[in-house]
2 protein chains.
Amino acid sequence: MTEFFNHFGQYIKVSAQLKEELTKRITFKTFAKGEMLHSADRICTKSYFIQKGLLRIYFLKDGREVSEYFSCEGDWTNSPRSFIQHKLDLYYIDAIEQTDVYILEVHDLMFLFNNFPEMERYARLSMGSTFGYLIERITSMRFTTAKEKYEHFCEVYKGIYHRIPLGMVASYLGITQETLSRIRAEK
Amino acid sequence: MTEFFNHFGQYIKVSAQLKEELTKRITFKTFAKGEMLHSADRICTKSYFIQKGLLRIYFLKDGREVSEYFSCEGDWTNSPRSFIQHKLDLYYIDAIEQTDVYILEVHDLMFLFNNFPEMERYARLSMGSTFGYLIERITSMRFTTAKEKYEHFCEVYKGIYHRIPLGMVASYLGITQETLSRIRAEK
DNA sequence: CTTAACTTTTGACCTAAATCAAAAAATCAC
DNA sequence: GTGATTTTTTGATTTAGGTCAAAAGTTAAG
């Protein structure tokens, strides 16, 4: 669980007491490649912290799977609006590779928010980072060629972009797999 | 300042003491139409809460202004990464209409975070809402026609979309003004 | 008012990327 | 290992929306 506590340690000082409560509330699970972690027909009550592996968040558009984003080692993953606002949303989560995760239930997280003010700070700060990533992504989606979009993707997902199948990358970028295949071929 | 405290009241209980500290630290200013609130050559140390009016956050791409988003009555505005991470970023902020704002300096905000744990909660919760909006926007930008993008924009900015000049809307959507003009004309 | 400076619309033409189709390559299951 | 399924590549064709250019409308300043 070292990587798990280190993650919090990036933003706040993790007291022995918080560590104990986290340990008590967290569970561990391994998902096989292709296995579903979350489906759009349920409210998302779990957040997954990836110890090892790769997850994909996607939704269905006219029957086709469109990747929303990818998460790897050291990331939290859930269906954001479903988890935060406790309502249904359109996202599915599955495992691109065999993936080991720590699981935290939303009611346990609420307990932590209510009893450890530093957890509120942790949430504020870590959300702040993700914020920047989302804004940069929106920026990079407009007035850019398919090639530029792909190059931006490779930068952001440096180190893991080769672990993600081409078709999933294409839908993440909002281009067809044929176009992405041609971009990869040309250089 | 009622609208200002009401905003916090949506997320947390605002104690008399917090109210007092907020009042002490906030300043008020009016910007004329077209006036700049923030420029990319400076670090953004101020956050603006709009009492009345309309602001635009934009950046320059090949010399053209690209709208990142718009903020109106009841919204906070700043250059997000610059304000949060205290570094330079590429965004400019100007006033689309004459705009009245409450101004909070980043160091005053930090004081509030350090002395009022409920402010951390406020930040977590209000960021959570914005999060949902950003993700939905990313979703709506891929595999959609220019017309669908515009319709989504009108929904999200219902009530204020007619206050924003066409060219600014077009760049927000990542389409040309000519295309947007034709979309508006056809129906 | 009147001129200047933007903003929006309209028209003609062009191109990046979509679509459709099928072959080739890689991966999986037994 | 072998056939079946899935993923990726390649080719031909189409199209939505971009570019360029200019006219029409609108707003602002003196």
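By convention in this document, chain letters (A, B, ...) are assigned in the order of the sequence lines, proteins followed by strands, and residues within each chain are numbered from 1.
Over its full length, the helix from C/dC1-D/dG30 to C/dC30-D/dG1 turns its helical axis through 60°, comparing axes from the five pairs at each end and rounding to 10°.
The NE2-C1' distance, from B/His162 to C/dT8, rounds to 18 Å in whole Å. Protein atom CD1 of B/Ile175 is 17 Å distant from nucleotide atom C1' of C/dA16, rounded to whole Å. The nearest whole Å value for the distance from the CD atom in B/Glu186 to the P atom in C/dT8 is 18 Å. With rounding to whole Å, A/Arg142 atom CZ is found 17 Å from C/dA17 atom P.
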N/O contacts under 3.5 Å, protein versus nucleotides 10-13 of chain C?
{"from": "C/dG11", "atom 1": "N7", "to": "B/Arg182", "atom 2": "NH1", "distance (Å)": "3.0"}
{"from": "C/dG11", "atom 1": "O6", "to": "B/Arg182", "atom 2": "NH2", "distance (Å)": "3.4"}

Pairs under 3.5 angstrom, nitrogen or oxygen only, protein versus nucleotides 23-30 of chain C, please.
{"from": "C/dC28", "atom 1": "OP1", "to": "A/Lys33", "atom 2": "NZ", "distance (Å)": "3.1"}

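Remark: side-chain polar atoms of B/Thr144 are paired, donor with acceptor, to backbone N or O of B/Ser140 under 3.5 angstrom. Panel note: side chain B/Asp75, backbone B/Cys72; a donor-acceptor pair is recorded below 3.5 Å. Side-chain N or O atoms of A/Thr23 include one that pairs as donor or acceptor with a backbone N or O of A/Lys19 at under 3.5 Å. In this structure a side-chain-to-backbone donor-acceptor pair under 3.5 Å is present from B/Ser82 to B/Cys44.
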Could you go step by step and tell me if B/Lys13 and B/Glu118 meet the salt bridge (charged side-chain N to carboxylate O under 4.0 Å, His left out) rule? CA-CA 8 Å; B/Lys13 199 174 133 321; B/Glu118 63 268 38; over 6 Å; no
ring-ring contact (aromatic ring centres under 6.0 Å, His included) between B/His7 and B/Phe49: does it pass, once the steps are laid out? CA-CA 10 Å; B/His7 169 75; B/Phe49 181 87; 5.1 Å; yes
Apply the test salt bridge (charged side-chain N to carboxylate O under 4.0 Å, His left out) to residues A/Glu20 and A/Arg25: give CA-CA distance (whole Å), side-chain angles for both, the deciding distance (0.1 Å), then the verdict. CA-CA 9 Å; A/Glu20 192 193 314; A/Arg25 291 181 151 75; over 6 Å; no
Could you go through A/Glu73 and A/Lys52, starting from their C-alpha distance and side-chain angles, then the distance that decides it, and tell me whether this counts as salt bridge (charged side-chain N to carboxylate O under 4.0 Å, His left out)? CA-CA 5 Å; A/Glu73 291 80 8; A/Lys52 174 111 196 59; 3.6 Å; yes
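Under a cutoff of 6.0 Å and an axis angle of 45°, B/Arg64 and B/Phe59 do not form a cation-pi pair.
Each of B/Asp108, B/Ile103, B/Leu104 was scored for a side-chain contact (heavy atoms from CB on, under 4.5 Å) with B/Thr27, with one residue passing: B/Ile103. Screening B/Tyr58, B/Phe70, B/Tyr150 for a ring pair (Phe, Tyr, Trp, His ring centres under 6.0 Å) with B/Tyr172, the sole residue that qualifies is B/Phe70.
Contacts of A/Leu180 with the nucleic acid, taken as non-hydrogen atoms under 4.0 Å apart, are absent. Note on B/Gly34: nothing from the nucleic acid sits closer than 4.0 angstrom, heavy atoms only.
For A/Thr176, a side-chain nitrogen or oxygen approaches OP1 or OP2 of C/dA18 to under 4.0 Å.
Checking A/Met168 against A/Phe143, the closest nucleotide of DNA chain D that is more toward the 5' end is the one next to A/Met168.
Pairs engaging residues 32-50 of chain B under the salt bridge (charged side-chain N to carboxylate O under 4.0 Å, His left out) rule: B/Lys46-B/Glu105 [sequence neighbours left out].
Taking the side-chain hydrogen bond (donor to acceptor under 3.5 Å, both in side chains) definition, one finds that B/Ser171 meets it with B/Ser67, sequence neighbours left out.
Taking the 5' to 3' direction, DNA chain D first and last meets chain A under 4.0 angstrom from a heavy atom at D/dT8 to D/dA12.
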